[in-house]
Amino acid sequence: MDDFERAIRVVFTQDPSISPQVREQATNYIDAVKARPDSWRFCWEQFLQRECLEVKFWCLQVLPASLPHLPAEARAELRVGILAWLRDVATVGREEVAIRNKIALVYAGLVKSDYPSSWPTAWTDLISLLDQGPHLIDMFLRVLTTFDQEVISEEVFRTPEEKQRAHTIKHAMREGDVARLAECWFVILGSCQASAQLVSECLKVVAAFAVWVEATTLANEKFLGAICGLIGEGMPFSGEACDCLGAVLSKKMPAGKKMQMLDQLRILQLLGERCIHRGCRDVGVIEKEAELFNTVAEVVLDAYLELRLETVAESARVAQAAWSFVEQLMVFVLWFFSHQEYQIADSVEPFLTAFFSKVRVFCAEGGEPAPGEVGPCHSVNLDAVRPMMQQTLQLTIQRLAYPDWFRQGDPDYEDDEQHIAFLEFRRSLTKIYKRIFLVDEQMGFMFIQASIAQLTQNLASVRPMEVEALLYLYTETGEIVKDVALYLKANGALAVPFVTLVECEALVEVEHWLLQLALMDV
C-alpha cells in the first residue's frame with residue numbers, strides 16, 4: 001500500500017483511533033493530488049490499476065468537477081478511455097454499484113460538455129455496446145438516469161447558462177438520437193423481463209424523458225401497448241409501468257391535440273382492459289393503478305376546462321368528447337374510491353377534489369352572456385353530474401370512517417406517518433363533501449337526512465366508526481350553511497335529522513367514547 005492509497009483509506013475510514021492530525025495530513029495529501037495539472041489523467045490511470053474500492057471511488061469522484069476545465073483533447077482522450085472500460089470491463093459486471101454510478105456521472109458530464117459539437121456520437125457509441133449483455137444495459141440506463149438528473153431535469157435548480165446548454169442538447173437529441181434511444185427502450189422492455197430491475201429502471205428512464213421528447217416518440221400504439229402489457233401482466237414492475245404511462249399521457253400539449261391523441265390511441269379501452277386488476281390482493285399494485293387513473297382523469301379534466309372556453313369551429317365537438325371521456329373515467333375513479341384500503345381511495349382524491357371544485361364552473365348556470373362577451377362553447381347540465389355527486393357522498397361516509405388500525409387518542413401514534421396521512425385524507429374528503437353541498441344544497445340536505453334516518457333504523461349493523469363519520473358530516477353540514485338557526489327551526493333541514501338522532505335511545509346511550517364525543521359535538 002503506497003502513500004496515495006493509505007491517505008484515501010484514512011479519509012474514508014471511521015476508525016476513531018486515527019488522530020485529527022493524521023486525518024488532516026491525509027486530506028492535504030489527496031487535495032494536492034487533486035490540484036495537479038494532470039490530475040484527471042492520474043486519477044483515471046489509478047482507477048484502472050487499483051483494486052481498493054475507496055481509491056477507485058475517490059478517483060472517479062475527482063473527474064466530473066474537472067471536466068469543464070479540461071482541454072478538448074483531454075476530454076476526447078477520457079471519452080476513449082471510458083468507452084474502452086465499458087466495452088472491456090463493464091461487461092463482466094464485477095464493479096460495485098457506487099463505481100457504476102460514478103462512471104455514469106463521468107459519461108453524463110462528458111455529454112454535457114461535448115455533445116453534439118465535439119462528440120456527436122455520444123449516444124450511438126453507448127447504444128453500440130448494448131448487445132454485449134445485461135451489464136451494459138444496466139450501464140446504459142444508469143447513464144441516462146444520471147444525464148437526466150445532472151443536465152435536463154427541471155426539478156433541479158439550474159443557472160441560465162445551464163438551462164441554455166440543456167436546451168441545446170435536447171434540440172440536438174430530437175434530431176435523431178431520441179428515436180434511437182426509444183427503440184432501445186422498447187427492446188429492453190420486451191426482451192429483459194427476466195430481469196425486473198432492468199425493466200423497472202428502463203420504465204423510470206422513459207418516464208423522465210417523456211417530459212421533453214416529442215409526444216409521438218412514446219405516445220404511439222407500439223410503445224403504449226408494450227407498457228400496458230407490463231401493467232396487465234401484474235409483474236413486479238407494474239407499478240413503474242403505471243408511473244411511466246402516466247408520464248407519457250400527461251405530457252403538456254394543446255388540449256385539442258391531447259384529446260385527439262387519447263382518442264386515436266384508444267386510451268380508455270387500454271386502461272379498462274389492461275390497467276386495472278379488480279381482484280388483485282396486492283394493495284401496492286392497485287394503488288399504482290389508482291394513481292394512473294387519477295393522472296389521466298386530471299389531464300382530461302384540464303383539457304375539457306380549456307376546450308369549453310375556446311371559440312373555434314370544432315371546439316364544442318371536441319369539448320363534448322372530452323366531457324364524455326371524463327364521465328367514463330369517473331366510473332373507474334369511483335371504483336378506486338370505493339376500495340376499503342384508504343391509500344387506494346386516497347390516490348384518486350386529487351382528481352375528485354379538482355372535479356368538484358370546478359363543477360359550478362362548467363355546469364350550465366342559465367342565462368345568456370353579457371353583450372360583447374362570448375360564453376363557453378360547452379356546458380354540462382347539473383343533472384348529468386348529480387349521480388356522480390350522490391355516489392361520492394355515499395362512499396364518503398365509508399372512507400371517512402377511521403380504519404381498524406387507527407389508534408384514536410393514543411399519543412404514541414400522533415407522529416406516525418400512516419396516521420398523519422389518514423387524517424390529511426379525512427380533511428380532503430371533508431372539503432369534497434362541502435364542495436358538493438355548495439353545488440346542490442338540497443341534495444346535500446336530503447343525503448344527510450336519509451343517511452341519519454337509515455342509521456337510526458339499522459344502528460346494530462353499522463360499525464361504530466361509520467356512525468362517527470356520519471355524525472361528523474352532520475356537524476360539518478352545520479358549519480357550511482350561513483344561517484344555522486334558520487335550518488334548526490321546526491321541520492328545518494338540520495332540525496329533522498337532529499331530532500332523529502336525539503330520539504334514538506340506542507345511539508344516545510351508546511358507551512363508545514368516540515361516539516359520545518361526536519354526539520357532544522352535534
Side-chain angles (χ1 to χ4, degrees), residues 1-86 88-90 94-115 118-119 122 139 142-153 155-166 169:
M1 183 188 305
D2 58 12
D3 290 342
F4 176 63
E5 182 171 329
R6 188 176 295 107
I8 291 177
R9 285 180 178 272
V10 167
V11 169
F12 275 88
T13 187
Q14 301 296 317
D15 186 351
S17 66
I18 297 178
S19 67
Q21 292 79 13
V22 172
R23 286 189 183 278
E24 183 178 1
Q25 291 173 2
T27 301
N28 291 338
Y29 183 94
I30 61 175
D31 283 347
V33 172
K34 198 184 302 183
R36 288 171 48 167
D38 65 341
S39 63
W40 75 269
R41 179 177 284 108
F42 175 83
C43 288
W44 179 248
E45 291 174 349
Q46 294 300 311
F47 165 73
L48 295 176
Q49 296 169 11
R50 303 279 180 161
E51 293 296 328
C52 174
L53 174 61
E54 291 84 354
V55 174
K56 294 163 78 73
F57 182 86
W58 185 88
C59 289
L60 290 177
Q61 191 169 250
V62 171
L63 294 176
S66 306
L67 295 178
H69 313 293
L70 294 183
E73 318 83 71
R75 290 200 301 272
E77 185 179 340
L78 182 56
R79 294 199 305 262
V80 171
I82 290 282
L83 287 168
W85 183 89
L86 289 170
D88 302 332
V89 180
R94 64 183 181 86
E95 293 290 359
E96 297 284 345
V97 170
I99 299 301
R100 284 179 274 160
N101 286 339
K102 285 298 180 184
I103 289 287
L105 184 61
V106 176
Y107 200 102
L110 288 167
V111 173
K112 180 180 180 180
S113 296
D114 296 338
Y115 179 88
S118 303
W119 192 19
M139 283 305 308
R142 287 180 191 276
V143 168
L144 290 173
T145 299
T146 306
F147 168 74
D148 175 70
Q149 295 168 348
E150 297 295 323
V151 182
I152 301 298
S153 176
E155 296 181 2
V156 179
F157 172 78
R158 306 197 190 280
T159 65
E161 294 78 13
E162 288 174 326
K163 290 180 180 179
Q164 182 57 47
R165 183 75 189 110
I169 291 173

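Basis for what follows: all heavy atoms, side chains included, without hydrogens, waters or symmetry-related copies. Computed from a predicted model, the values in this text were never measured in an experiment.
In this structure, the separation between CD on Glu5 and SG on Cys52 is 4.5 Å, given to the nearest 0.5 Å. Taking CG of Leu105 as the reference point, atom NZ of Lys102 lies at 5.5 Å (rounded to 0.5 Å). Asp3 CG to Ile8 CD1: the interatomic distance, rounded to the nearest 0.5 Å, is 11.5 Å. The distance from the CG atom of Leu63 to the NZ atom of Lys34 is 11.5 Å, given to the nearest 0.5 Å. Considering CZ of Phe12 and CZ of Phe57, their distance stands at 5.5 Å, rounded to 0.5 Å. Considering CG of Leu83 and CG of Leu78, their distance stands at 9.5 Å, rounded to 0.5 Å.
Electrostatic pairing of Glu77 and Arg41 counts as a salt bridge here, judged by a charged N lying under 4.0 Å from a carboxylate O. Arg50 has a carboxylate O that lies under 4.0 Å from a charged side-chain N of Asp2, or vice versa, which qualifies the two as a salt bridge.
Other residues, nucleotides and ligands place more than 12 heavy atoms under 6.0 Å from the CD atom of Glu162. Heavy atoms of other residues, nucleotides or ligands lying less than 6.0 angstrom from CD of Gln49 number more than 12.
Between Phe47 and Trp85, the ring-plane angle classifies as tilted under the 30° and 60° cut-offs.
In this structure the side chain of Ser153 reaches within 4.5 angstrom of the side chain of Arg158, judged on heavy atoms. Arg100 places a side-chain heavy atom less than 4.5 Å from the side chain of Val97. Side chains of Ile103 and Leu86 form a contact here, defined as non-hydrogen atoms less than 4.5 Å apart. Side-chain contact check for Leu60 versus Trp44: some heavy-atom pair is nearer than 4.5 Å. Under the 4.5 Å side-chain criterion, counting only non-hydrogen atoms from C-beta, Val143 is not in contact with Val111.
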**Asked** Does the pair Trp40 and Val106 meet the rule for a side chain to side chain contact (heavy atoms under 4.5 Å, CB included), with working shown?
**Response** CA-CA 11 Å; Trp40 75 269; Val106 176; over 6 Å; no

**Request:** Decide yes or no on side chain to side chain contact (heavy atoms under 4.5 Å, CB included) for Asn101 and Arg142, but give the supporting numbers first.
**Result:** CA-CA 7 Å; Asn101 286 339; Arg142 287 180 191 276; 2.7 Å; yes

**Message:** As a quick check of understanding, evaluate side chain to side chain contact (heavy atoms under 4.5 Å, CB included) for Lys56 and Glu95, giving each step before the final call.
**Reply:** CA-CA 10 Å; Lys56 294 163 78 73; Glu95 293 290 359; 3.3 Å; yes

**Message:** For a side chain to side chain contact (heavy atoms under 4.5 Å, CB included) check, start with the C-alpha distance between Tyr29 and Phe4, then their side-chain angles and the critical distance, and finish with the verdict.
**Reply:** CA-CA 8 Å; Tyr29 183 94; Phe4 176 63; 4.1 Å; yes

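Between the side chain of Asp148 and the main chain of Leu144, no donor-acceptor pair closer than 3.5 Å is present. A donor-acceptor distance shorter than 3.5 angstrom exists from the side chain of Ser113 to the backbone of Gly109, with no hydrogens or angles considered. Panel note: side chain Arg75, backbone Leu110; no donor-acceptor pair is recorded below 3.5 Å. Here the side chain of Tyr107 pairs no donor or acceptor atom with the backbone of Phe147 at under 3.5 angstrom.
Considering every non-hydrogen atom in both Ala90 and Met139, the closest pair reads CB-CG, 4.2 Å. Glu51 and Arg94 get closest at one heavy-atom pair: OE1-NH1, 4.0 Å. Between Arg23 and Val10 the shortest heavy-atom distance is NH1-O, 3.0 Å. The two residues Ser66 and Ser39 have their closest heavy-atom pair at OG-OG, 4.4 Å. The two residues Ala7 and Ile30 make their nearest non-hydrogen contact at CB-CG2, 3.9 Å. Nearest heavy-atom pair, Tyr115 versus Trp119, reported as atom, atom and distance to 0.1 Å: CD1-O, 3.4 Å.
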